[in-house]
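Below is one structure, written out as structure tokens; the observations come after it.
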Amino acid sequence: MARGVSIKSAEDIEMARRAGTLAAEVLGIIGPHIVPGVSTETLDKICHDHIVNVQGAIPANVGYQGYPKTILTSVNQVVCHGIPSPGKILKKGDIINIDVAVIKDGWFGDTSRMFFVGVPGVLARRLVETTYEAMLAGIRQVKPGATLGDIGHAIQSVAHREHFSVVREYCGHGIGQVYHEDLQVLHYGRRGEGLKLEPGMVFTIEPMLNAGKRDTRQLPDGWTVVTKDRSLSAQWEHMVAVTPEGYEVLTPWPGGTGAYAPV
């Protein structure tokens, strides 16, 4: 343990890798279904059926702190925790984050990515691509001896270069046999500050960037978080392990990420 942070063995990381790979697979199968006219409820059902009937895994989000669905579907100005609904119909030009978590043999896998519904606007595309670049910049800081501040600084540097803001209320987290372990990965920070990374640490890096100001508010449903100024928001998420040489992405998306090269 490092200041209460779980250090995982090679066997533990293998179990986390299996769960993470399954979570990433769900993002691979749902992509073709994200088209204008589909409801987020339909997307949720497809993911649930795949996790349960194909993977033989458990949808980790169902019932978690009372959450009712399998995936989180955050569209346009929704920052995170959007709840799938039969009344939420995707339309051309929307951007959507699909966030999925599974449990396999007691281990959690957690990942999310952005999708375009048809052709996005110029700002929407730039926001999504910048958020992806920011996540990669954070991941590439991961190595023994680096700090959590190094990760946050790399992410915010990319965001601020493009004049986007970084959401501060939500962050990455430790993960393993517990969904949210006691390790917080802020997506802003200063180099050299914060917890020093050690081999065996496993956590998510999941920056949320807004096209406008960073301020957010939660809707009355108790889950959905939106930008206060109604500007667009985007998020990407990977699970990573600190290795003796650097890092390993435990949630590689099948076939890369469409227009993006695989990590």
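- Contact of the Ser231 side chain with the Gln77 side chain is not registered, since no non-hydrogen atoms from C-beta on lie closer than 4.5 Å.
- The aromatic rings of His180 and His173 lie tilted to each other, with the angle between the two planes from 30° to 60°.
- Counting only distance, with no hydrogens or angles, the side chain of Asp44 and the backbone of Ile71 share a donor-acceptor pair below 3.5 Å.
- Side-chain atoms of Asp94 come within 3.5 Å of backbone atoms of Lys91 as a donor-acceptor pair (strictly under, hydrogens ignored).
- Under the 3.5 Å distance criterion, with hydrogens and angles disregarded, no donor-acceptor pair is assigned to the side chains of Thr204 and Asp110.
- Ion pairing between Arg18 and Glu14 fails under the 4.0 Å rule for side-chain N and carboxylate O.
- Checked by atom type and distance alone, the side chain of Lys104 pairs as donor or acceptor with a backbone atom of Gly56 at under 3.5 Å.
- In terms of modelled atom types and a separation under 3.5 Å, the side chain of Trp236 and the main chain of Glu129 share no donor-acceptor contact.
- Under the 4.0 Å criterion applied to side-chain N and carboxylate O atoms, Lys8 and Glu181 are assigned as salt-bridge partners.
- A distance-only check finds no donor-acceptor pair linking the side chain of Asn61 to the backbone of Lys69 [under 3.5 Å].
- Distance alone, capped at 3.5 Å, places no donor-acceptor pair between the Asn53 side chain and the His50 backbone.
- Remark: Arg113 is positioned above the aromatic ring of Phe115, its terminal NZ or CZ atom under 6.0 angstrom from the ring centre and at most 45 degrees off the axis.
- Side chain of Ser39 to main chain of Ile89: no donor-acceptor pair is present (N/O by atom type, distance under 3.5 Å, no hydrogens or angles).
- Taking a cutoff of 4.0 Å between a charged side-chain nitrogen and a carboxylate oxygen, Arg17 and Glu248 qualify as a salt bridge.
- The closest donor-acceptor contact from the side chain of Asn210 to the backbone of Gly212 lies at 3.5 Å or more, if one exists at all.
- Salt bridge annotation for Arg161-Glu133: present, with a cationic side-chain nitrogen under 4.0 angstrom from a carboxylate oxygen.
- In this structure, Arg140 fails the cation-pi test against Tyr247, since its NZ or CZ atom is not both closer than 6.0 Å to the six-membered ring centre and inside 45 degrees of the ring normal.
- A distance of 12.0 Å separates CG of Asp99 from OG1 of Thr70, quoted to the nearest 0.5 Å.
- The two residues Val167 and Arg214 have their closest heavy-atom pair at CG2-O, 4.2 Å.
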What do the steps show when you test Thr224 against His81 for side-chain hydrogen bond (donor to acceptor under 3.5 Å, both in side chains), and what is the final call? CA-CA 5 Å; Thr224 307; His81 304 163; over 6 Å; no

